[in-house]
Visitor: 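Quick one: this structure, given as structure tokens, is what I'll be asking you about.
Here the structure is a predicted model, which is why all the values come from computation and not from measurement.
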Amino acid sequence: MSSPARYRVEVARTLLATGMFKLERPDRALRALRTLRRWGSNAAAAYTISAIRCPDRIAIVDERGTLTFAEIEERTNALAHELLAAGVKPQDAVAIMCRNHRGFVEATIACAKLGASQLYLNTAFAGPQIADVLRREAPTALIYDEEFANLVSEGSEGVHRFIAWSETPAGTGVADDLDPVGDPGRVGDAVAGGSADPRLETLIARGDPSPLQPPQEHGRVVILTSGTTGTPKGAKRKQPDSMEPLAAMLSKIPLRAHETTVIAAPMFHSWGYGHFTLAMPLASTLVLPRRFDPEDTLRAIAQHRASALVVVPVMLQRMLELPAETIERYDLGSLRVIAASGSALPGELATRVMDTFGEVLYNLYGSTEVAWATIATPQDLRAAPGTAGRPPLGTVVKLLDADGSEVAPGERGRIFAANEMVFEGYTGGGGKEIVRGLMSTGDMGHFDAAGRLFVDGRDDEMIVSGGENVFPREVEDLLANHDQIEEAAVIGVEDEQFGQRLKAFVVPREDANLSEEAVKEYVKRNLARFKVPRDVVFVRELPRNSTGKVLKRELSATG
């Protein structure tokens, strides 16, 4: 913005528009202000303040039922006291491997109240990946869903372990009376069909629900990179010390206070976690399905009159694969926002989503490291399908050439961004390239005449075929627009004559009548000849990680 004063005015205006600052009882307002001063702008303060201002409002809906803000406040106090008794101290790291449910939320808030750092493990990672991360990060404690007992068994030796979610009902006597420290080395041991590690519910039931003293220093949040190109790295980020990051997101995505959000995207990933943290100061009700199911998601929106849905793009694709009569069965009139991120959103998919659900789609472009760079509104996506949008409030995005100079308007360059929440570096050391305060996203892109960003592809995915530079993303977007193609991925492979050539993996739609030559001809009619894939392979589905990113290394391994 042109001046700090104007920026502060925009921040205040954006936050006021959400409705989070309403007149309320003087005693509650005073208690909330005291809490904010003592704890600062972090997860611990957000839930405590919501418990003060709207104690009886439902905070969480999951398979176990509902919890109010007042209940979460007492339960997380109790859990924090018990974790402290178990040996978890301020600045210790606590690994959390949970699906979306109350255990994830309560573990996070309890750690924040202790000043412990939170390390979120991807529930789709294989055992060796989990073991590598646990050994590298050396957490003091591990909170996990019982279904992952075998995955965490290696690498968690000597770590205090607790079960966040178990299919065995509480109160059956399975691991309910163990000492809170547990027995290191017993992960995976079965007791009457369950793990021997103590449950969070047991700790909460016997814990002291009284408030804790704020820690001298707040813990960090560590979210793992997707691991699509190797061992996942831990990206550490401080908790926000102001409400400016909240204002940045809300300047583009019109979430409002005291509404209901369905988070279908995994909360261990930046996108799901980001909406979890957005919901806290807004005192939003969170509906948390443990597993994604397309129709169940529609049912949840209708049942809870949700105003927002948080997804990754592949989830939208699965929802649109439902029969039209199934979609029409549910009243989705309450839905004002579908917030998507985590992987590329093809323009054709964006258009289909808005044709089906209305002008409610918002797409964020960013990464685990830079948090966010741009956000596309429904107006952006209609005017320029495939765009990543424009920078939100307080965010700077520039395109730089190989020498670090800004490229001319309309030209392609490396995408660099700056905002309040860029990460502090990898836990194992190192970081992303920074030029004049701007951090690399690792992508190439260009701006159109209206100032909208388009992501052309990863800067390390560009191939040189016969002397021409080619980005697979452009071909992928074109193929996604074909009326007989569900989705496609394109990679570069070695070629003796041209150096490299393109190879396309295509998922045909049901009842499609496609040939390899037809696909090549389609690309040839729409793009330059050197962008036509030399090889076309038809597959039933593309390999993806838990956030919907295509695992191109697995495609490359097929030859």
Side-chain angles (χ1 to χ4, degrees), residues 43 46-47 50-51 54-79 96-112 118 120-124 143-148 162-172 194-195 199-205 207 258-269 271-280 282-312 315 330 334-335 339 546:
Y47 262 94
S50 292
C54 47
D56 299 325
R57 177 173 173 78
I58 294 175
I60 294 174
V61 181
D62 65 8
E63 291 178 29
R64 297 280 193 252
T66 62
L67 290 172
T68 66
F69 282 102
E71 289 173 325
I72 287 185
E73 172 67 4
E74 291 193 353
R75 286 168 61 88
T76 54
N77 285 343
L79 179 56
I96 299 173
M97 188 171 181
C98 299
R99 297 190 187 274
N100 292 7
H101 53 71
R102 65 184 60 191
F104 181 104
V105 174
E106 291 175 334
T108 295
I109 303 306
C111 287
Q118 303 115 62
Y120 295 101
L121 302 179
N122 189 322
T123 61
I143 297 173
Y144 69 100
D145 290 352
E146 191 174 40
E147 65 180 289
F148 305 124
F162 310 94
I163 298 172
W165 188 278
S166 174
E167 299 296 343
T168 307
T172 60
S195 170
R199 300 178 181 182
L200 296 192
E201 285 292 345
T202 303
L203 275 60
I204 289 169
H258 303 149
E259 294 190 349
T260 299
T261 297
V262 177
I263 300 185
M267 292 197 300
F268 61 72
H269 191 263
W271 183 233
Y273 182 85
H275 276 273
F276 163 48
T277 58
L278 278 175
M280 289 190 282
L282 294 173
S284 301
T285 297
L286 294 181
V287 179
L288 304 177
R290 281 200 302 142
R291 291 179 173 83
F292 172 73
D293 177 86
E295 186 171 356
D296 285 347
T297 301
L298 299 179
R299 184 180 295 110
I301 295 168
Q303 178 182 348
H304 300 287
R305 305 301 298 159
S307 59
L309 169 66
V310 182
V311 293
V312 295
M315 292 177 175
Y330 299 97
S334 61
L335 192 61
S546 56

Visitor: What pairs with Thr261 under side chain to side chain donor-acceptor pair (under 3.5 Å), at least two apart in sequence or on another chain?
Guide: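 Thr261 satisfies side chain to side chain donor-acceptor pair (under 3.5 Å) with no residue once adjacent residues are dropped.
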
Visitor: Name all residues meeting the side-chain contact (heavy atoms from CB on, under 4.5 Å) criterion together with Thr123; count only those two or more places apart in sequence or in a different chain, and write none if there are none.
Guide: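 Thr123: side-chain contact (heavy atoms from CB on, under 4.5 Å) contacts with Met97, Arg99, Phe148, Phe268.
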
Visitor: Is there a side-chain contact between Leu200 and Ile163 in this structure, where contact means two heavy atoms from C-beta onward sitting under 4.5 Å apart?
Guide: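 They are not in side-chain contact.
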
Visitor: Given salt bridge (Lys or Arg N to Asp or Glu O under 4.0 Å), test Glu106 with Arg199 step by step and report yes or no.
Guide: CA-CA 12 Å; Glu106 291 175 334; Arg199 300 178 181 182; over 6 Å; no

Visitor: Applying salt bridge (charged side-chain N to carboxylate O under 4.0 Å, His left out), name anything that partners Arg102, two or more places apart in sequence or on another chain.
Guide: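 Expected list: Asp62.
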
Visitor: So, using side chain to side chain donor-acceptor pair (under 3.5 Å) as the criterion, who are the partners of Thr285 when residues are at least two apart?
Guide: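 Arg57.
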
Visitor: Sequence neighbours left out, what passes ring pair (Phe, Tyr, Trp, His ring centres under 6.0 Å) with Tyr47? Give chain and number order.
Guide: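 Scan of Tyr47 (ring pair (Phe, Tyr, Trp, His ring centres under 6.0 Å), adjacent residues dropped) gives Phe69.
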
Visitor: Step by step, would you call Ser284 with His258 a side-chain contact (heavy atoms from CB on, under 4.5 Å)?
Guide: CA-CA 5 Å; Ser284 301; His258 303 149; over 6 Å; no

Visitor: What closest approach, in Å, do Ala51 and Pro55 show between heavy atoms, and which atom pair accounts for it?
Guide: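 What the structure gives for the nearest pair is O-CB, 3.1 Å.
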
Visitor: Quick check for you: to the nearest 0.5 Å, what is the distance between Asp145 atom CG and Ser166 atom OG?
Guide: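 Here the interatomic distance stands at 9.5 Å.
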
Visitor: Of all residues at least two apart in sequence or in a different chain, which pass the side chain to side chain donor-acceptor pair (under 3.5 Å) check with Ser307?
Guide: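 In terms of side chain to side chain donor-acceptor pair (under 3.5 Å), with neighbours along the sequence ignored, Ser307 is linked to Glu259.
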
Visitor: Could you give me the CA-CA distance, side-chain angles and deciding distance for Tyr330 and Gln303, then say whether side-chain hydrogen bond (donor to acceptor under 3.5 Å, both in side chains) is met?
Guide: CA-CA 9 Å; Tyr330 299 97; Gln303 178 182 348; over 6 Å; no

Visitor: Are Val262 and Val310 packed together at the side-chain level, in the sense that at least one heavy-atom pair is separated by less than 4.5 angstrom?
Guide: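 No, side chains not in contact.
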
Visitor: List for me each residue that meets side chain to side chain donor-acceptor pair (under 3.5 Å) alongside Arg290, sequence neighbours excluded, and say none if there are none.
Guide: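 Result, side chain to side chain donor-acceptor pair (under 3.5 Å) vs Arg290: Glu63, Glu167.
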
Visitor: Applying side-chain contact (heavy atoms from CB on, under 4.5 Å), run through Val61 and Leu286 and close with a yes or a no.
Guide: CA-CA 6 Å; Val61 181; Leu286 294 181; over 6 Å; no

Visitor: Looking at every non-hydrogen atom in both residues, tell me the closest pair between Met280 and Ala43 and how far apart they are.
Guide: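 Closest approach of Met280 to Ala43: CE-CB, 3.7 Å.
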
Visitor: State which residues pass salt bridge (charged side-chain N to carboxylate O under 4.0 Å, His left out) with Asp296; sequence neighbours excluded, sorted by chain then number.
Guide: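 If we apply the salt bridge (charged side-chain N to carboxylate O under 4.0 Å, His left out) test to Asp296, skipping adjacent residues, the hits are Arg299.
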
Visitor: Distance check, rounded to the nearest 0.5 Å: Phe162 atom CZ versus Leu203 atom CG?
Guide: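 The CZ atom of Phe162 sits 6.0 Å away from the CG atom of Leu203.
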
Visitor: Any sub-3.5 Å donor-acceptor pair from Asn100's side-chain atoms to Ile263's backbone N or O?
Guide: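 Side chain of Asn100 to backbone of Ile263, a donor-acceptor pair under 3.5 Å: yes, one is there.
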
Visitor: Quick one: closest heavy-atom pair of Ile143 and Cys98, and the distance?
Guide: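 It is O-SG, 3.9 Å.
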
Visitor: What pair of heavy atoms forms the shortest contact from Leu79 to Ile204, and how long is it?
Guide: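 For Leu79 and Ile204, the tightest heavy-atom pair comes out as CB-CG1, 3.9 Å.
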
Visitor: Please check: side-chain N/O of Thr76 versus main-chain N/O of Ile109, any donor-acceptor pairing under 3.5 Å?
Guide: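 Side chain of Thr76 to backbone of Ile109, a donor-acceptor pair under 3.5 Å: no, none is there.
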
Visitor: Over all heavy atoms of both residues, which pair between Ala283 and Cys54 is shortest? Give the atoms and the distance, please.
Guide: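 Ala283 and Cys54 have their closest heavy atoms at CB-SG, 3.9 Å.
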
Visitor: Ile72 and Ile60: side-chain contact (heavy atoms from CB on, under 4.5 Å), yes or no, with the steps?
Guide: CA-CA 9 Å; Ile72 287 185; Ile60 294 174; 3.3 Å; yes

Visitor: With a 4.5 Å heavy-atom cut-off, do Thr260 and Val287 have their side chains touching?
Guide: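 They are in side-chain contact.
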
Visitor: If I compare all heavy atoms of Pro266 with all of Met315, which pair ends up nearest, and what's the gap?
Guide: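 Heavy atoms only, the tightest pair is CD-CE, 4.3 Å.
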
Visitor: Once you round to the nearest 0.5 Å, how far does CD of Glu73 lie from OG1 of Thr68?
Guide: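 So the gap between those two atoms works out to 10.5 Å.
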
Visitor: Kindly compute the distance separating CZ (Phe104) from OH (Tyr273), expressed to the nearest 0.5 Å.
Guide: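 The CZ atom of Phe104 sits 7.0 Å away from the OH atom of Tyr273.
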
Visitor: Applying side-chain contact (heavy atoms from CB on, under 4.5 Å), name anything that partners Glu74, two or more places apart in sequence or on another chain.
Guide: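 So Glu74 forms a side-chain contact (heavy atoms from CB on, under 4.5 Å) with Pro209.
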
Visitor: Using the side-chain contact (heavy atoms from CB on, under 4.5 Å) rule, take Leu67 and Ile58 through it: C-alpha gap first, then chi angles, then the decisive distance, then the call.
Guide: CA-CA 6 Å; Leu67 290 172; Ile58 294 175; over 6 Å; no

Visitor: Would you please name every residue forming a ring pair (Phe, Tyr, Trp, His ring centres under 6.0 Å) with His101, sequence neighbours left out?
Guide: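 Testing His101 for ring pair (Phe, Tyr, Trp, His ring centres under 6.0 Å), a comparison that skips the adjacent residues, returns Trp165.
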
Visitor: By salt bridge (charged side-chain N to carboxylate O under 4.0 Å, His left out), which residues pair with Arg305, not counting sequence neighbours?
Guide: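 Applying salt bridge (charged side-chain N to carboxylate O under 4.0 Å, His left out) to Arg305 gives Asp331.
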
Visitor: Go through it in stages, so that I can follow the logic: the residues are Thr108 and Tyr120, the test is side-chain hydrogen bond (donor to acceptor under 3.5 Å, both in side chains), and I'd like the CA-CA distance, side-chain angles, deciding distance and then a yes or no.
Guide: CA-CA 10 Å; Thr108 295; Tyr120 295 101; 2.8 Å; yes

Visitor: Listed by chain and number, what are the side-chain contact (heavy atoms from CB on, under 4.5 Å) partners of Pro294, not counting sequence neighbours?
Guide: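 Per chain and number, Pro294 pairs via side-chain contact (heavy atoms from CB on, under 4.5 Å) with Phe292, Arg318, Met319, Leu322.
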
Visitor: Side chains of Met267 and Leu288, heavy atoms from C-beta outward: is any pair under 4.5 Å?
Guide: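 Yes, side chains in contact.
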
